[in-house]
Amino acid sequence: MMITVDAMGDACPIPVVKTKKALGEMNGSGEIEVLVDNETAVKNVTKMARSTGASAQSEQLGDKKYRVLITVGEETSVKHKENKNRKEHAPDASDAREAAACQTCLSTVVVVSSDRMGEGSDELGHILMKSFVFAVTQLDDLPDKMVFYNGGAKLTIEGSECLEDLKALSNQGVEIMTCGTCLDYYGIKDKLAVGSVTNMYSIVETLQSAVNVIRP
């Protein structure tokens, strides 16, 4: 079985959402061909596909045209359908949130949407943000993940005053996630120096499964 997903021109997280839907439509083993127009979408779709146990390979077909070929085995297809059915038949929203939290074992997620903290002086805001990130490293119970988007993406790149603290957190098991669309927007994707690139769908899933969300 072969399914083609046309996500050309689609903004994050639509390519990932369309691909997840195609995975749910697979009956047994087969292949899914995903067409996208940017490298960030290639990485996001590939990462999501591999997280389900499927294999994924990509190639550039032309200017701003890429193809991700996902190979799904029988076991991967069944597992994906079981996960989908559990979501669709959840007793109620509160039970679903509790189940998600238990399954992913997330307790605390730190969300950073700016490279400065608070309003007023930009200079003071930068100082406060640096202090905030350092304070996170001193917690007895470290967060499970830290998510950076919009201006916060500037904190995870080369030259960031927070970089060493973020690397220290990463080395201690804290997952550092930076929005790929944001990195592209600011033209700093090639300067990412800690953690991994993520997409809006993964950010929403992370926030949904978190017990505690901290926003500076």
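The structure presented is a predicted model; accordingly, all values stated were derived computationally and were not measured. Numbers here are sequence positions counted from 1.
The environment of CD in Glu161 is sparse: at most 12 heavy-atom neighbours from other residues, nucleotides or ligands sit within 6.0 Å. Heavy-atom contacts from other residues, nucleotides or ligands closer than 6.0 Å to NZ of Lys47 number more than 12. When the shell of 6.0 Å around CG of Asp141 is examined, it contains 12 or fewer heavy atoms from other residues, nucleotides or ligands. Counted within 6.0 Å of NZ on Lys18, heavy atoms from surrounding residues, nucleotides or ligands total more than 12; the atom is thus considered enclosed. No more than 12 heavy atoms of other residues, nucleotides or ligands shown are found within 6.0 angstrom of CD on Glu123.
Note on Val42 and Leu192: separate hydrophobic clusters, where clusters join Ile, Leu, Val, Met, Phe, Trp and Tyr whose side-chain heavy atoms are under 4.5 Å apart, directly or indirectly. When hydrophobic clusters are built by joining Ile, Leu, Val, Met, Phe, Trp and Tyr residues whose side-chain heavy atoms come closer than 4.5 Å, directly or via intermediates, Val147 is not grouped with Met129. One hydrophobic cluster, built from ILVMFWY side chains closer than 4.5 Å, cannot hold both Tyr185 and Tyr149; they sit in different ones. Hydrophobic clustering of Ile, Leu, Val, Met, Phe, Trp and Tyr side chains at less than 4.5 Å, counting indirect connections, unites Leu128 with Leu139. Met8 and Val45 fall into different hydrophobic clusters, where Ile, Leu, Val, Met, Phe, Trp and Tyr side chains are chained together by heavy-atom contacts under 4.5 Å.
Closest of all the heavy-atom pairs between Ile3 and Ala22 is CD1-O, 3.7 Å. Considering every non-hydrogen atom in both Thr206 and Ser209, the closest pair reads O-OG, 3.2 Å. Pro216 and Val111 make their closest contact through CD-O, 3.1 Å (heavy atoms, listed as atom of the first residue, atom of the second, distance). In terms of heavy atoms, Ile188 sits closest to Ala153 at CD1-O, 4.1 Å. Nearest heavy atoms, Thr46 versus Val68: OG1-CG1, 3.8 Å. Between Leu155 and Cys162, the shortest heavy-atom distance links the atoms CD2-SG, 4.0 Å.
For the atom pair Glu33 CD and Asp6 CG, the distance stands at 9.5 Å (nearest 0.5 Å). Atom CG of residue Asp122 and atom CD1 of residue Ile127 lie 11.0 Å apart, to the nearest 0.5 angstrom. Separation of atoms CD (Gln57) and CD1 (Ile70) is listed at 11.5 Å; rounding is to 0.5 Å. Remark: Leu207 CG to Ser202 OG distance equals 11.0 Å, nearest 0.5 Å. Atoms OH and CG, from Tyr66 and Asp37 in turn, are 8.5 Å apart once rounded to the nearest 0.5 Å. The line from CE of Met26 to CE of Met2 is 9.0 Å long, rounded to the nearest 0.5 Å.
Side-chain contact between Glu175 and Asp144 is absent, with no heavy-atom pair separated by less than 4.5 Å. For the pair Met200/Ile203, a side-chain contact is recorded, criterion being any heavy-atom separation below 4.5 Å from C-beta on. Put simply, the side chain of Met48 does not reach to within 4.5 Å of the side chain of Tyr201, judged on heavy atoms. With contacts defined as side-chain heavy-atom distances shorter than 4.5 Å, the pair Ile214/Phe132 qualifies. For the pair Leu23 and Thr52, the minimum side-chain heavy-atom distance is below 4.5 Å. Here the side chains of Ile157 and Leu183 are in contact, with some heavy-atom distance below 4.5 Å.
With Tyr186 as the aromatic partner, Lys154 meets the cation-pi criteria of under 6.0 angstrom to the ring centre and within 45 degrees of the ring axis.
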CA sep, side-chain torsions, deciding dist, call: Leu35, Leu61, side-chain contact (heavy atoms from CB on, under 4.5 Å): CA-CA 9 Å; Leu35 303 176; Leu61 302 178; 4.2 Å; yes

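Between the side chains of Thr178 and Thr156, at least one donor-acceptor pair of N or O atoms lies under 3.5 Å.
Here Glu59 pairs with Arg67 in a salt bridge; the nearest charged N to carboxylate O distance falls below 4.0 Å. Contact check on Lys189 versus Asp184 returns a salt bridge, with a Lys/Arg side-chain nitrogen under 4.0 Å from an Asp/Glu carboxylate oxygen.
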